[in-house]
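What follows is a short report on a single structure.
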There are 2 protein chains.
Amino acid sequence: MHLTISPGTPGEALDQLLELVVLISEDMTQTLARDGLTVPRAHLVWLLHHGGATTQRALADALKVSPRNVTGLVDGLVATGLVTREPHPTDRRATLVSLTDRGASTLAEMDRGHRELATLLFGDMADRQFGSFVDGLGHVLRRLREELNASGEGAP
Amino acid sequence: MHLTISPGTPGEALDQLLELVVLISEDMTQTLARDGLTVPRAHLVWLLHHGGATTQRALADALKVSPRNVTGLVDGLVATGLVTREPHPTDRRATLVSLTDRGASTLAEMDRGHRELATLLFGDMADRQFGSFVDGLGHVLRRLREELNASGEGAP
DNA sequence: TATTGTTATACTCTATAACTATA
DNA sequence: TATAGTTATAGAGTATAACAATA
């Protein structure tokens, strides 16, 4: 037998999803601040962590942000000792941005925090519930990607 | 019989959740921009829509933001014709912020967009899948609220 | 001629501190 | 004395445009 316990309307589900977005953003901002990081700067160092040293140009493309903006983000990260700017070995116009040792250990701590959060959120979920939730999440993600692709077109 | 189709690890589920946060933020920012709104300004007019005219002080408390910040948000909304500042009827220190007609119709459009997004995301989900997803969402939300309360304590 | 990163300028969101006008 | 909202000042993130050095 199957009991449906008032799953609510789509509108209510969206409200919950929006609350989730707000709470996750707050949690991330709070956690990153303890390492002296902001969300945009954390995004940049995360790219270095997972892709190695790169030019600011490549970072601007990956972050979908202006080159000028990257200059500011790197300035801040250099000031707090998490990254360095070095001359590019073959292209004298470009600079290579690399993680410092301290930057690398900060990233290791972020990885640990990431795993802890995953355990907190999903650790005590029953396997079947977890599977259903991930399925639903996949459905919503596909719809959202379609929507953003559709509305992003037509813009030269 | 019950087939579990590789639901993935908690870490992967969290990555999907984080992608969802990014995509919803992008979609909201993009949609609001069409109405000349930013996320913080939209939050403010949403409060007026659902609570009626109020003082800037009350808005600052509700938005958990400094009074100075509200001055700036209201300045912008007045400039774009979505709200008005009027003298408070009984307290001459305070100002009442109200939606203009144009502000109200913008809000009506936002409500419509909200319903459309809910339909897009959940409209063609099977009832059982929708119910399971909402259950999982509730679980995650409870954990997150606990986490933020716990880490938010001890701060005088 | 095209590209990399910078300086110059500007806008939005955010904060604290000092001040004005009122309670 | 306390409160509502402002001006003053500052910092972070974002953008475009003009410019330098180098490809």
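These numbers come from a predicted model, not from an experiment. Naming convention: chains lettered A, B, ... in sequence-line order (proteins, then strands); numbering from 1 in each chain.
In this structure, B:L96 and A:V39 both approach DNA chain D, and ranking their closest nucleotides by distance from the 5' end singles out B:L96. Of the two residues near DNA chain D, A:V65 and B:D91, the one whose nearest nucleotide lies more 5' is B:D91.
What you find for A:H114 and B:L14 is that their closest heavy atoms are O-CD2, 3.4 Å.
Not a single donor-acceptor pair, N or O on each side, falls under 3.5 Å between the base of C:dT4 and the side chain of A:R57. Donor-acceptor pairing under 3.5 Å, judged by distance alone, is present between the side chain of A:R93 and the base of C:dT3.
Closest approach to the A:R41 side chain among D:dA21, C:dT6, D:dG13 is made by D:dG13 (side chain taken as heavy atoms from C-beta onward). Proximity note for B:T71 (side chain, C-beta onward) versus C:dG5, D:dT6, C:dA23: the nearest is D:dT6. Of the candidate nucleotides D:dT6, D:dG13, C:dT22, D:dG13 has the atom nearest to the side chain of A:T38. When each of D:dA12, D:dG5, C:dC13 is scored by its nearest atom to the side-chain atoms of B:A94, the top-ranked nucleotide is D:dG5.
With A:D35 contributing its side chain and A:L37 its backbone, the two residues share no donor-acceptor pair below 3.5 Å. Counting only distance, with no hydrogens or angles, the side chain of A:H50 and the backbone of A:W46 share a donor-acceptor pair below 3.5 Å.
Considering only side-chain N and O atoms, B:N69 lies nowhere under 4.0 angstrom from the phosphate OP1 or OP2 of C:dC13. Dashed line: the shortest gap from a side-chain N or O of A:R68 to OP1 or OP2 of D:dT14 is not under 4.0 Å. Between B:T95 and D:dG5 there is a side-chain N or O to OP1 or OP2 distance below 4.0 Å. Between A:S66 and the phosphate of D:dT14, there is no side-chain N or O to OP1/OP2 separation shorter than 4.0 Å.
B:T90 comes within 4.0 angstrom of sugar-phosphate atoms only, judged by non-hydrogen atoms across all strands, and of no base.
Classification of A:R115 and A:D111 as a salt-bridged pair fails, no side-chain N sitting under 4.0 Å from a carboxylate O.
Regarding A:H88, its NE2 atom lies at a distance of 16 Å from the C1' atom of D:dA21, rounded to whole Å.
Residues B:T95 and B:E86 have side chains that never bring a donor and an acceptor to within less than 3.5 angstrom of each other.
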